[in-house]
**Q** 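Here's a structure for you.
Hydrogens, waters and symmetry mates are skipped; everything else that's a heavy atom, side chains included, is used. First the proteins, then the strands, lettered A, B, ... as listed; each starts at 1.
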Protein chains: 2
Amino acid sequence: MPPDITAKQAGSDKDLILANVALLYYGEGLNQSDIAKRMDVSRATIVNMLRDCRDRGIVEIRVNGDMLSSSSLSRDLCAKFGLEDVYIARSRSPGKGKADRKETLEQVGRVAGMALINIVSAGDTVGVAWGETIKAMCTAVPRQPVEDVTVCQMIGSMVSDRVPASEDCTIRIANRLDAQCYTLHAPASLSSSTLAAQLRSEPMIASQLGRLQDLNLAVFSIGNTDHSTHIVSAGIASSAELDQAVCSGAKGIVCCRFIDAEGQHINLPSDERTVAITVAELAAAKKKMLVVAGEDRAEAVLAAIKGGLVTHLCVDEALAAAIVA
Amino acid sequence: MPPDITAKQAGSDKDLILANVALLYYGEGLNQSDIAKRMDVSRATIVNMLRDCRDRGIVEIRVNGDMLSSSSLSRDLCAKFGLEDVYIARSRSPGKGKADRKETLEQVGRVAGMALINIVSAGDTVGVAWGETIKAMCTAVPRQPVEDVTVCQMIGSMVSDRVPASEDCTIRIANRLDAQCYTLHAPASLSSSTLAAQLRSEPMIASQLGRLQDLNLAVFSIGNTDHSTHIVSAGIASSAELDQAVCSGAKGIVCCRFIDAEGQHINLPSDERTVAITVAELAAAKKKMLVVAGEDRAEAVLAAIKGGLVTHLCVDEALAAAIVA
DNA sequence: CATCATTATTGACAATTGTAAACCCAAAAG
DNA sequence: CTTTTGGGTTTACAATTGTCAATAATGATG
């Protein structure tokens with residue numbers, strides 16, 4: 001046979017076999033041995049084919065996200081705070097075992113990943129924050145193209161040992177949705193407010209920031225003011241500023257900005273040195289998806305809700321319970 | 001706790017757990033034992049939960065139908081006959097083993113089921129024939145709602161030992177697509193042409209037949225004139241009429257009507273006694289999906305293609321090979 | 001409050017599936 | 001012509017998953 005003619009299509013001919021095997025296995029429910037007998041190969045080959053099918057997207061396994069927001073607990077939260085949807089992660093039988101933070105975080109991330117594709121719709125401009133929670137989420141967003149979506153980074157970049165490259169979250173999410181991607185080519189926090197102001201008015205940065213004024217969906221997390229190490233070490237605020245913020249009633253940190261118990265922005269010197277979406281802009285987004293893990297953030301989440309910064313919520317079960325109480 | 005409040009939502013609370021388990025298993029790739037440990041239940045319970053997830057549609061496993069129409073063989077067929085897409089079923093290593101007809105039929109059915117949801121688009125009016133091939137297909141159509149679809153039965157009903165209730169195919173397909181469903185409340189074949197004519201002009205039947213004049217998609221199979229038993233026993237044509245048709249050059253039977261080698265309708269007395277879409281109406285449909293299994297139908301399929309009755313084709317590999325040759 | 005019916009859970013076992021090292025074979029390189 | 005390399009396949013074994021009958025929990029009913 002002439003290899004030049006079939007060469008280009010050789011991969012596709014294999015795909016035909018793969019897809020047919022997938023249909024027999026997943027569609028018909030035959031077992032691998034029977035398929036192997038039919039196809040006259042060893043069962044191991046079928047195993048390999050099926051793995052290929054999954055790897056190459058010929059079969060796709062997806063979880064229906066709706067079920068994550070239809071429990072009575074989530075409805076209680078919706079009703080109590082006027083939220084549109086509350087997605088709840090439950091990775092461990094409550095009470096049993098130590099609720100490992102990493103474990104909880106990952107499960108909230110997975111739930112948020114599912115939730116995201118439920119919430120985003122065609123034509124949306126989506127703002128994405130970063131942080132360990134958002135990071136956990138973005139690895140779990142299923143690959144599902146959505147028409148005409150734009151994804152923007154809401155907070156400037158930053159190197160941190162706890163969180164990998166900040167743009168990474170934005171890029172990953174954009175990839176999964178087949179969306180246009182705009183990263184923010186600036187540090188989140190600068191050493192001088194003058195420099196930050198100059199940077200913000202640089203055409204390139206300015207246009208990126210401009211997009212954040214009209215978001216259809218903002219995806220972000222919230223930190224509380226207790227575990228100060230992260231905030232200070234990341235250079236978002238100095239230790240003194242943090243103290244000052246707490247004295248002024250700061251209950252949470254959203255996109256590098258402090259908010260009080262009512263969810264109102266607390267203006268601090270550090271705001272001037274920051275390149276990120278403002279609280280007002282965040283509040284202006286049509287849909288606001290807050291993703292948080294850990295009971296200890298209940299106060300911060302409540303503050304954000306009161307301030308009208310949340311329409312959709314993704315939390316673990318313990319945090320959800322803490323918020324209703 | 002008050003059971004009346006939570007009663008309505010009890011099912012949903014279980015769903016939350018199911019979805020979270022599904023996420024851990026299918027999303028994260030944890031094994032059942034680890035999940036069982038986390039949730040503090042036995043592994044068997046996790047097995048049951050995962051089965052529930054699949055049964056209740058919380059997880060969905062789908063095969064990408066595109067791969068079934070991207071082989072070199074299918075492209076050859078497209079190019080040679082100007083078809084839009086050719087989906088190929090390959091259930092058995094070619095040459096090896098007896099190509100069990102039942103097996104082939106089922107695989108073609110599965111492939112056609114996948115193909116259908118690829119081909120149907122929002123707003124379509126879909127005509128569905130019936131027969132053993134279409135029957136095999138309709139059980140394999142994945143559940144996937146499509147906006148604003150109407151499904152119509154193209155051939156009147158009939159009792160047959162080989163094929164279950166004729167409406168069944170139409171109804172099933174409509175269900176899987178969440179579509180409006182119109183069955184044809186008349187026998188496919190009547191004893192007198194007068195009665196058939198009267199029936200066709202009954203308002204209720206007439207409106208059903210009217211819908212068949214403007215189909216966006218027709219899904220049907222084709223029989224050859226060899227295996228006469230089926231045609232005669234089903235009362236579509238008498239033995240004498242069949243002989244007459246074959247003498248006139250009939251090469252295939254489509255929706256109870258005979259066509260010649262060029263795909264042209266052969267008018268016979270039996271046509272007058274039939275309640276079904278006409279060949280002309282079939283030809284007028286925008287998309288025409290022919291589903292056939294078995295090498296021996298190559299001639300019939302070729303006839304249908306020549307007559308412009310086919311835009312999309314679903315066949316087994318052996319038949320595909322026979323057609324190109 | 002006991003009883004029956006129904007449903008969910010479990011442990012023990014059987015079946016299926018995944019893995020890894022060995023093997024084959026063809027094409028590219030020495 | 002031999003060696004090497006890389007893909008794909010296989011065999012034998014290990015791990016995971018599915019099943020089923022027994023048991024517990026639930027909850028409706030007399």
Side-chain angles (χ1 to χ4, degrees), chain A residues 1-56 58-59 61 63 67 71-72 90 92-97, chain B residues 1-56 58-59 61 63 67 71-72 90 92-97:
Chain A
M1 66 192 86
D4 46 329
I5 293 174
T6 51
K8 201 196 76 187
Q9 300 157 349
S12 299
D13 282 358
K14 172 139 293 182
D15 284 354
L16 172 66
I17 301 179
L18 288 183
N20 272 285
V21 168
L23 231 36
L24 286 171
Y25 188 75
Y26 292 107
E28 186 68 3
L30 290 186
N31 66 28
Q32 301 176 349
S33 314
D34 288 347
I35 300 174
K37 263 177 251 152
R38 274 208 201 181
M39 305 299 251
D40 198 42
V41 292
S42 78
R43 194 181 55 73
T45 300
I46 301 295
V47 174
N48 292 333
M49 285 176 166
L50 291 172
R51 186 167 28 67
D52 280 3
C53 285
R54 290 185 297 262
D55 291 349
R56 312 212 8 243
I58 293 172
V59 306
I61 301 181
V63 179
M67 299 306 165
S71 67
S72 48
R90 172 183 171 137
R92 178 174 287 282
S93 173
K96 298 280 174 183
Chain B
M1 66 191 86
D4 46 328
I5 293 176
T6 52
K8 201 196 75 187
Q9 300 157 348
S12 299
D13 282 359
K14 172 139 292 183
D15 284 354
L16 172 65
I17 300 178
L18 288 184
N20 272 285
V21 168
L23 232 35
L24 286 171
Y25 188 75
Y26 291 107
E28 187 69 1
L30 290 185
N31 65 28
Q32 300 176 349
S33 316
D34 289 348
I35 299 174
K37 262 177 252 152
R38 274 208 202 180
M39 305 299 253
D40 198 41
V41 292
S42 76
R43 194 181 57 73
T45 301
I46 301 294
V47 174
N48 293 333
M49 285 176 166
L50 290 172
R51 185 168 29 66
D52 280 3
C53 285
R54 290 185 297 261
D55 291 349
R56 314 211 7 244
I58 293 172
V59 306
I61 301 181
V63 178
M67 299 305 165
S71 67
S72 48
R90 172 183 170 139
R92 180 175 285 281
S93 172
K96 297 281 175 181

**Q** Can you tell me how far P of C/dT17 sits from NZ of A/K37, to the nearest Å?
**A**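 My rounded result for the distance is 12 Å.
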**Q** Could you state the atom-to-atom distance from CZ of B/R51 to P of D/dG18 in whole Å?
**A** 9 Å
**Q** Nearest whole angstrom, please: distance from the P of C/dT16 to the OH of A/Y26.
**A**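 So the two atoms are 16 Å apart, to the nearest Å.
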**Q** Looking at residues at least two apart in the chain, or sitting in another chain, which of them share a salt bridge (Lys or Arg N to Asp or Glu O under 4.0 Å) with A/D52?
**A**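 A/D52 satisfies salt bridge (Lys or Arg N to Asp or Glu O under 4.0 Å) with no residue once adjacent residues are dropped.
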**Q** Rounding to an integer number of Å, can you tell me how far A/L50 CG sits from C/dG18 C1'?
**A** 11 Å
**Q** Where do B/R43 and B/Q32 come nearest, in terms of heavy atoms and distance?
**A** NH1-OE1, 2.9 Å
**Q** Does a side-chain heavy-atom distance below 4.5 Å link B/N48 with B/R51?
**A** yes
**Q** Out of D/dT19, C/dT17, D/dT16, which has the shortest distance to the side chain of B/N31?
**A**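 Among the listed nucleotides, the one closest to the side chain of B/N31 is D/dT16.
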**Q** For the pair made of CD1 in B/I46 and C1' in D/dT17, what is the distance, rounded to whole Å?
**A** 13 Å
**Q** Looking at B/D15 and A/M67, would you say the former's side chain and the latter's main chain have a donor-acceptor pair under 3.5 Å?
**A**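 Not at all, since once roles are kept as given, no pair shorter than 3.5 Å links the two residues.
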**Q** Between protein and nucleic acid, restricted to nucleotides 9-13 of chain D and to nitrogen or oxygen atoms under 3.5 Å apart, what atom pairs and distances do you find?
**A**
residue: D/dT10; atom: OP2; partner: A/S42; partner atom: N; Å: 2.7
residue: D/dT10; atom: OP2; partner: A/S42; partner atom: OG; Å: 2.9
residue: D/dT10; atom: OP2; partner: A/T45; partner atom: OG1; Å: 2.7

**Q** Which heavy atom of A/A22 sits nearest a heavy atom of A/C53, and at what distance?
**A** CB-SG, 3.9 Å
**Q** A/D52 CG to C/dT19 P: how many Å, rounded?
**A**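 Whole-Å distance recorded here is 13 Å.
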**Q** Measuring from A/N31:CG to A/K37:NZ, what's the distance to the nearest 0.5 Å?
**A** 7.0 Å
**Q** How long is the line joining CG of A/D55 and P of D/dG8, in whole Å?
**A**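 In whole Å, D/dG8 P and A/D55 CG are 13 Å from each other.
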**Q** Less than 4.0 angstrom between a side-chain N/O of B/Q32 and OP1 or OP2 of D/dA15, yes or no?
**A**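 So the side-chain polar atoms of B/Q32 never come under 4.0 Å of the phosphate oxygens OP1 or OP2 of D/dA15.
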